[in-house]
Amino acid sequence: MSSNSFGAAFTPLESWLPRTIFATPPDPYLAALAPLARAARSGCGAVMVHYTRPSGTMPIVEEARAIAKAAADVGVRIAFAPAVKDMNPLVYGDETEVLDALPEATRALFRETFVRPPTSPESYLALVDELAEAISGPFVDVQYGPAGPQWCSPALLEAIAEASARTGRRVHMHLLETERQRLWADSAHPDGIAPFLDGLGLLSERLTLAHCVCARPDELDLIAASGARIVTNFSSNMHLRSGLGPIAEAHRRGVRVAVGVDGAALDEDDDILREMRLVHGVHAGSGLYANWTPAEFLALAVASGRAAVGAPGDGARARAARGFLRARPRRARP
């Protein structure tokens, strides 16, 4: 459903998220079929499904089977990462103060809607294993999907990092999408959110990070050194007033960059090629000296995208794309 349809268009992420409860689809198959078909029509052959809002109309494994069937019927490859949170369900911190300020009836509604018993790390890992058994195959790659460090406890993130290292399963996680998340990260992890994630073993070539709008140069360096990649979601960040993100800087520092829409392309039509043109137009630079040519950016985005969704041969293609960039002579700026 379009953000416009439930009054959330062009609102910041933190006020947009509570409204998405009104957009939870009643039919998981049709809800997946439509955007996957739009993506395929635009030229996209592989899609990351970071599954954040189960319908609740059927068991999650059956719901995953319905989504995998939709992908097969459309003819696209998918990576399926069930999202998980176990803390900060309402605000980035203790929700008690917010709840105590509400009228009793509203407080009860908020608790019922947003403050639910957290999923244990063991239960989540078991669920991912069950999903992998049910839908993994040549065209479906099941991944871990921690929602983000502001919503996931260190114990949960560490368990996912250990399981990923043990099994080789990829991880998809949002990071530093908004200014408020930046403030939370600096408060909760004064030594740095990127070193914290690295210390848990989460930063690796198996990790894909969405957004990183508020990432600093030192964090980009650590992400680049780990082999992790960043998926920039230009239109989504514009819709949610999050900012542009340091994509050109990330590229210069050696980060592998991919392009996504995060459910909110420019016209909410899942047009990935137009999204690539937008990212190229905004981040390629100005004046006579570009950060990359259109062909170079396409090669990098496709190779990094293949790695993110677990497509076969992604490693060789990514190395070839990076080698292509290094081999291209660049004229020095005066």
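Taking CG from Leu99 and OG1 from Thr106, the interatomic distance works out to 10.5 Å, rounded to the nearest 0.5 Å. Summarising the geometry, atom OG1 belonging to Thr232 is positioned 12.0 Å from atom CG belonging to Leu209; distances are rounded to the nearest 0.5 Å. How far CG of Asp271 is from CG of Leu278: 9.0 Å, rounded to the nearest 0.5 Å. Atom SG in Cys152 sits 7.5 Å away from atom CE in Met87 (nearest 0.5 Å). Atom CZ of residue Phe80 and atom OG of residue Ser136 lie 10.5 Å apart, to the nearest 0.5 angstrom. Put simply, CZ on Arg216 and CD1 on Ile193 are 10.0 Å apart, with the number rounded to the nearest 0.5 Å.
Aromatic rings from His251 and His283 are positioned such that their centres are separated by 6.0 Å or more. Ring pair Tyr144/His172: centre-to-centre distance not below 6.0 Å.
Side chain of Arg116 to backbone of Thr113: a donor-acceptor contact under 3.5 angstrom is found. Within the 3.5 Å criterion, the main-chain N or O of Leu300 finds no donor-acceptor partner in the side chain of Arg256. Asp270 places no side-chain N or O within 3.5 Å of a backbone atom of Ala39 that could act as its donor or acceptor partner. Checked by atom type and distance alone, the side chain of His174 never pairs as donor or acceptor with a backbone atom of His211 at under 3.5 Å. Counting only distance, with no hydrogens or angles, the side chain of Ser15 and the backbone of Pro12 share a donor-acceptor pair below 3.5 Å. Under a 3.5 Å cut-off, the side chain of Asn291 and the backbone N or O of Ala248 do not form any donor-acceptor pair. In this structure, the side chain of Glu275 engages the main chain of Ser235 through a donor-acceptor pair within 3.5 Å. A donor-acceptor contact shorter than 3.5 Å is absent between the side chain of Glu62 and the backbone of Pro59. At distances below 3.5 Å, not a single donor-acceptor pair connects side-chain atoms of Tyr51 with backbone N or O atoms of Ala64. A distance-only check finds no donor-acceptor pair linking the side chain of Asp262 to the backbone of Asn233 [under 3.5 Å].
Side-chain contact check for Ile60 versus Pro82: every heavy-atom pair is 4.5 Å or farther apart. Within the 4.5 Å cutoff, no side-chain heavy atoms of Ser226 are placed close to those of Ser204. With a 4.5 Å cut-off on side-chain heavy atoms, Pro149 and Trp184 count as touching. Annotation: side chain of Val259 is in contact with side chain of Phe297 (closest heavy-atom distance under 4.5 Å). Residues Asp218 and Leu222 are not in side-chain contact: their nearest non-hydrogen atoms beyond the backbone lie 4.5 Å or more apart. Contact check for Leu109 versus Arg111: no side-chain heavy atoms found under the 4.5 Å cut-off. Side-chain atoms of His189 and Pro195, non-hydrogen and from C-beta on, never get closer than 4.5 Å to each other. Within the 4.5 Å cutoff, side-chain heavy atoms of Gln181 are placed close to those of Trp151.
Note on Val279 and Val309: separate hydrophobic clusters, where clusters join Ile, Leu, Val, Met, Phe, Trp and Tyr whose side-chain heavy atoms are under 4.5 Å apart, directly or indirectly. No path of Ile, Leu, Val, Met, Phe, Trp and Tyr side chains, each step under 4.5 Å between heavy atoms, connects Leu183 with Phe196, placing them in separate hydrophobic clusters. One hydrophobic cluster, built from ILVMFWY side chains closer than 4.5 Å, cannot hold both Val302 and Val231; they sit in different ones. Taking hydrophobic clusters as Ile, Leu, Val, Met, Phe, Trp and Tyr residues chained together by side-chain heavy-atom distances below 4.5 Å, Leu127 does not share a cluster with Met58.
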Go through the steps to decide whether Ile230 and Leu220 satisfy the test side-chain contact (heavy atoms from CB on, under 4.5 Å), and finish with yes or no. CA-CA 9 Å; Ile230 291 175; Leu220 297 175; 3.8 Å; yes
Is there a side chain to side chain donor-acceptor pair (under 3.5 Å) between Asp86 and Thr119 once you walk through the steps? CA-CA 6 Å; Asp86 69 343; Thr119 301; over 6 Å; no
Walk me through whether Arg229 and Val257 qualify under side-chain contact (heavy atoms from CB on, under 4.5 Å). CA-CA 6 Å; Arg229 66 206 61 81; Val257 175; over 6 Å; no
Tell me, with the steps shown, if Leu244 and Val213 meet side-chain contact (heavy atoms from CB on, under 4.5 Å). CA-CA 6 Å; Leu244 296 179; Val213 171; over 6 Å; no
Should Arg206 and Ser164 be marked as a side chain to side chain donor-acceptor pair (under 3.5 Å) after you check the CA-CA gap, both sets of side-chain angles, and the distance that decides it? CA-CA 8 Å; Arg206 298 181 301 279; Ser164 173; 2.7 Å; yes
Val115 vs Phe110, side-chain contact (heavy atoms from CB on, under 4.5 Å): CA-CA, chis, key distance, verdict: CA-CA 7 Å; Val115 186; Phe110 269 54; 5.9 Å; no
Would you check, one step at a time, whether the test side chain to side chain donor-acceptor pair (under 3.5 Å) holds for Thr178 with Glu14? CA-CA 9 Å; Thr178 71; Glu14 285 80 10; 2.7 Å; yes
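In this structure, Phe139 places its CZ atom where only 12 or fewer heavy-atom neighbours from other residues, nucleotides or ligands lie under 6.0 Å away. Around the CZ atom of Arg252, the shell of radius 6.0 Å holds more than 12 heavy atoms that belong to other residues, nucleotides or ligands. Other residues, nucleotides and ligands contribute over 12 non-hydrogen atoms within 6.0 Å of the CZ atom of Arg65. Surrounding CD of Glu249 are more than 12 heavy atoms belonging to other residues, nucleotides or ligands, all under 6.0 Å away.
Residue Val91 comes nearest to Glu95 through the heavy atom pair CG2-CA, 3.9 Å, listed as atom of the first residue, atom of the second, then distance. In plain terms, the two heavy atoms of Phe114 and Pro89 that are nearest each other are O-CB, 3.2 Å. Of all non-hydrogen atoms in Ala70 and Ala32, the two that sit nearest each other are CB-CB, 3.9 Å. Contact record, Ala308 with Met48: O-CE, 3.6 Å, taken as the closest heavy-atom pair. What you find for Glu177 and Ser242 is that their closest heavy atoms are O-CB, 3.3 Å. Taking all atoms of both residues into account, the shortest heavy-atom contact from Ser120 to Ser123 is OG-OG, 2.8 Å.
A salt bridge links Asp221 with Arg253: the closest approach of a Lys/Arg side-chain nitrogen to an acidic carboxylate oxygen falls below 4.0 angstrom. Checked for salt-bridge contact, Arg274 and Asp269 meet the test: a charged N lies under 4.0 Å from a carboxylate O. Arg107 and Glu104 are not joined by a salt bridge, as no carboxylate oxygen comes within less than 4.0 angstrom of a charged side-chain nitrogen. Residues Glu219 and Arg182 are paired through a salt bridge, judged by an N-O separation under 4.0 Å between the basic side chain and the carboxylate.
Under 3.5 Å, the side chains of Ser55 and Glu63 contain a donor-acceptor pair of N or O atoms.
Checking each of Leu207, Val171, Val128, Leu200 against Ile160 for a side chain to side chain contact (heavy atoms under 4.5 Å, CB included) leaves exactly one that passes, namely Val171.
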